[in-house]
Amino acid sequence: MESFVSFRWMNRPFHFFCVLTISCLCLPTTLSTVPEIKTIEDNRKNVFKTNTQYFTQSYKSFDGFSTTFSYSPNAVNPEPDVVVNLEDNHEHEDKVLHSSSQKDKNNKINNHSPLLSSKDVILNKIKINKENNLFLDLNNRPLPLPNDDENNNTVKTIEVNATFGEMYSNNSVNVLQQVLFIYHYEIQNKTTAIRVSVTSDNFSEEYPVMCVARQQESILSWQIPLAVGDSYLYKSVSRTLCPIDESKRKTIDKNQRIYLTVSSMCSNYKYFHLTANILTDFEITHEVPRTFNLTVWEPTYFMYTFPAGVSSVLLKVTSQSHICMTVSVQKIKCPVFDLANNVEFEGKHQTMSTQAAMFLEKDDYDDQGGFYVVFIVKPDNEVCEGFLKPTQLMPAGNVTDIRKVVTVVVKETISLSQYIKAIVAAVLVFGAFYLIAVIIGVVYAGCGLHKGLDDLTEEERGDENNFINRTHRHESYGTLSEPRSSPDQGMSDVTTDREESSESSSLDESTIDFVPDADLEKDIFRTKTALFVSDLARKKRKKLSKTYKLYYWNLVTMSIFYGLPVVQLVITYQRVLTSTGNQDICYYNFACSHPLKSYLSSFNNVFSNIGYVLLGLLFIGIVFRRDRLHKKVVAKHGNLEKQYGIPQHFGLFYAMGWALVMEGVMSACYHVCPSYSNFQFDTSFMYIIACLNMLKIYQSRHPDINAKAHTAYLSMAVIIFIAVVGVVYGTNIFWICYAVIHMFTTFLMTVQVYYMGRWNIDRHIFKKLFRLLVTEGLSCTRPVYLNRFILLLIGNLINWAFAIYGAITQPSDFATYLLAIFIGNLLLYSIFYIIMKMLYKEKFSWLVKLVIVTSTVTWAGSLYFFFQNLTSWDKTPAGSRAGNKECILMEFYDHHDVWHFLSAISLFFSFMILLLLDDDLSQQRRDKIPVF
């Protein structure tokens, strides 16, 4: 049985007639087989061409029905009708719908599906859209239409005159069909951009849906699924087409067309939804924050134009979300690199978790007068978390839940005059130290506040002449003079031999080292229960002076060989940073990073190290003046100088001053491009400064037995090597080995210091200990040198605690951890030295008290700024950038710059404490100055 459904087409000039008959038969086909889509208009041409023939085509609908369409023209009816014969063999009964009026059609439509409109006619499971001349199923997806040549491989292009802002859904493409969307728009007086979004639900990696956007001067292509990384596929893609900026508007046509072609090489149909929108807010307004959403599949970029009179700006991006992303700044040209796999090809870029910042100068974008800011969200946080376990944000293909809210603002930075003011202010502050040093030198020395050998009374000089006459004859190394008791101190003072008046004829410790009983003589003096400086100051002054000056000259030589490659390396780093635009190479405080053209990306962090250099040179100048004054005293008083005060050797002081200068130079080199690979530049000379200070404190009352320069520097080299290994290979095995080595080394040094170098550690050590326990019993456990024992016990406890703490917690910044150990030991030794002076009732001059108080205050302030942690090279670049903070001083210097200033002042005052600390003993005889 046949039924017919007839409806009238629009009147046309030639009154063509057409009759369409559809027969419905059940044919076995697979559900995945979807025939080629064709328009009714194409098939109508075929009908008119044959005029009397029937055209049939079988297909399987999406709900499983097998259906056959039949088409035939009606030559009798003067108006073209479409006659449809529909047979449904699946249910073995005929279902025929007939509609003779538009009202009946609408009723049928409303009864069968709420998705249909008055433009559609429902035929059982089939819908005919008269406006677009398409057969659709109830899901609004196109159905295939008959073709007069099933073997025809010609690609059909469906043209759509599209409108901005309208969603085009349920479009399909395959290997023989593509869709072309044509957009028209008129160029405005401001820069606008067009954003195209495409989604495909039934995508496949093997046969992606390909999109090509063509403009007058550019072309852009992408595909669905969007592959990001190795394991992330996204069914939606949103891209911004090349904007037409002011420079292009001068030569380009005012009326523009955009062709968007969607295609696929798959034989089955791929369905997609497409929309295009004009971005009216494409430009970022100067100093006006802008907030927007980002997703992985939706890379976004905006344009910024420098206002008149603005030469440099700071681009700052912030977000509360820790989702990883990339921020890129590119020149205004197309194509714009806005994908994760090509964003590094152009401009400057940074990874970001919660904040990013870039300093940008107009001179770098002079041709365009502005730049693009590109934002790309990453699918996971591995890049931003680094060595931490990557955070899985979402399963592949599910893109709807990822949203990162971002705020961007572009504001003007400081001018050149502010640069100059900040530089001049720093120079004036440290220049004031030179002026103060001159004033204090004049007052301290010129006004007689410093007492020296010239201020000795005649009686004191007479007693000393008698003392020198008693020691005029040559005495062996171990000869003891008559002991004296000191009731105030509760210990016996044992005097030692004095050198003869002629240095050329006297014997010193180095001269008799080859005598068979030399070791015995040393044991006698160095293992006494009460030691005085005279016992450990028996070597020639000139010889010791030359020995200690090796500290200075060796350090200068090492600095040259160490510094030149460092300078060359950091210059290369800066050039690589400038040429590649990869700002993840260097760990700056980007929120307060003021460049010096393309030479230095963070000039303020480099220049702030000037304090180390200026104060280091000032300290060398002060030491040089004291050295000259001391030489005059030696020339004037001769042997009298040998018997009074702490032995004056300035080699270590010179080395300390030069180490402070080099710390400034190396710190400046480090801040040219601070990173994981050059951290040792900033810390190497800090280790050296700490070691030199401890050596100087020990040398003050142990001049004859201090370490040689080559031995000390070799030990420092080993320390720096351990620091490098700890940063690069900070494994569990390393920390265990380090803790064992640290504790064992501390114990060895303790033994050497306790017995003044007279304890030999060899293969018979355990045999000696056994004999000692057998002969002395428990009495050997009572410390002979109580003061030294207390100091060394406290030192051992603190160092062992450091070692155990490191092995358990394993701090990520091993270099800072190791530096803290040295600074802690230096602080402990300095406090012990000052306390012992007070216990022995040695006085402090007013100048020393002033310097100690000032040093304490500046150290407290500098440590506060040090622990602000603006950057951290042991984290990822994005992790380090999350701690960036804005400038706090003159809009030019940040917290770390203030740390540079205050730490330079603190180190200078610390050096001055050691230089002035024992000035009160200049009129005290050495055989009455205790050793501790």
Side-chain angles (χ1 to χ4, degrees), residues 444-445 448-471 480-499 525 528-539 541 544-545 626-627 629-634 636-650 653 696-706 787 830 832-849 851-852 912-932:
Y444 195 67
L449 298 178
H450 174 65
K451 302 295 182 178
L453 295 179
D454 291 334
D455 301 311
L456 289 174
T457 63
E458 291 296 332
E459 181 179 358
E460 291 173 335
R461 291 175 182 272
D463 293 341
E464 183 58 34
N465 291 331
N466 294 332
F467 175 78
I468 294 176
N469 290 333
R470 293 198 305 268
T471 60
L480 301 179
S481 57
E482 181 181 359
R484 299 180 302 274
S485 61
S486 177
D488 293 337
Q489 298 179 0
M491 62 180 68
S492 61
D493 293 343
V494 184
T495 60
T496 64
D497 294 335
R498 307 296 190 272
E499 298 181 17
F525 275 85
K528 294 190 300 182
T529 56
L531 269 177
F532 297 91
V533 172
S534 58
D535 297 324
L536 302 177
R538 302 177 57 79
K539 293 183 178 180
R541 187 190 64 82
L544 281 177
S545 180
R626 287 179 67 96
D627 192 9
L629 292 175
H630 180 258
K631 288 179 180 179
K632 291 181 179 180
V633 171
V634 171
K636 181 177 181 181
H637 297 283
N639 290 317
L640 190 62
E641 184 273 338
K642 300 177 184 179
Q643 315 304 325
Y644 282 88
I646 298 293
Q648 299 294 307
H649 303 292
F650 298 96
F653 282 128
K696 183 57 194 176
I697 296 174
Y698 188 77
Q699 181 213 47
S700 298
R701 308 206 180 208
H702 308 78
D704 285 359
I705 59 174
N706 211 3
N787 295 332
S830 301
F832 169 81
Y833 193 89
I834 293 174
I835 291 176
M836 293 304 296
K837 281 182 67 70
M838 297 173 63
L839 292 177
Y840 281 98
K841 298 182 179 180
E842 296 179 0
K843 298 179 180 180
F844 298 95
S845 65
W846 65 270
L847 183 57
V848 172
K849 295 177 181 178
V851 174
I852 291 175
M912 290 301 299
I913 291 174
L914 299 184
L915 185 65
L916 303 172
L917 190 58
D918 290 321
D919 280 358
D920 61 294
L921 301 176
S922 59
Q923 293 182 324
Q924 181 77 9
R925 284 175 45 167
R926 291 182 186 174
D927 58 347
K928 295 183 179 180
I929 301 176
V931 173
F932 44 77

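Below, all heavy atoms of this structure are taken into account, side chains as well, without hydrogens, waters or symmetry copies. When a residue number appears, it is its place in the shown sequence, counting from 1. Here the structure is a predicted model, which means the values were calculated and not measured.
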Residues which pass side chain to side chain contact (heavy atoms under 4.5 Å, CB included) with Met836, listed by chain and number, not counting sequence neighbours
Asn787, Phe832, Leu839, Tyr840, Phe932

Looking at Ser700 and Ile646, what are the two nearest heavy atoms and their distance?
O-CG2, 3.1 Å

Pairing residues for Asp920 by the salt bridge (charged side-chain N to carboxylate O under 4.0 Å, His left out) criterion, not counting sequence neighbours
Lys837

Between the side chain of Gln923 and the main-chain N/O of Leu921, is any donor-acceptor distance below 3.5 Å?
no

First locate atom CD of Glu842, then atom OH of Tyr833, and finally report the distance between them rounded to the nearest 0.5 Å.
7.0 Å

NZ-CD1 distance between Lys539 and Ile705, expressed to the nearest 0.5 angstrom
9.0 Å

Under 30°, 30 to 60°, or over 60°: which ring-plane class applies to Tyr698 and His702, parallel, tilted or perpendicular?
parallel

Nearest 0.5 Å please: distance from the CG atom of Asp704 over to the CG atom of Leu544.
5.5 Å

According to side-chain hydrogen bond (donor to acceptor under 3.5 Å, both in side chains), who are the partners of Lys696, at least two apart in sequence or on a separate chain?
Gln699

Between Arg926 (side chain only) and Gly645 (backbone N and O only), is there a donor and an acceptor less than 3.5 Å apart?
yes

Without swapping roles, check the side chain of Asp927 against the backbone of Ser534 for a donor-acceptor pair under 3.5 Å.
no

Going from CG on Leu917 to CD1 on Ile834, what distance comes out if it is rounded to the nearest 0.5 angstrom?
6.0 Å

So do the side chains of Asp918 and Gln924 get within less than 4.5 Å of each other, counting heavy atoms only?
no

Rounded to the nearest 0.5 Å, how far does CG of Leu847 lie from CD1 of Ile852?
10.0 Å

For Arg626 and Leu916: C-alpha separation, side-chain torsions, deciding distance, then whether side chain to side chain contact (heavy atoms under 4.5 Å, CB included) applies.
CA-CA 10 Å; Arg626 287 179 67 96; Leu916 303 172; 3.5 Å; yes

CG/Leu915 to CD/Gln648 distance, rounded to the nearest 0.5 angstrom?
8.0 Å

Any side-chain heavy atom of Phe653 sitting closer than 4.5 Å to one from Asp627?
no

Is any side-chain heavy atom of Val533 closer than 4.5 Å to one of Pro647?
yes

For Val634, side chain to side chain contact (heavy atoms under 4.5 Å, CB included) partners two or more places apart
Arg541, His630, Glu641

Can you find a heavy atom in the side chain of Leu536 that is under 4.5 Å from one in the side chain of Val931?
yes

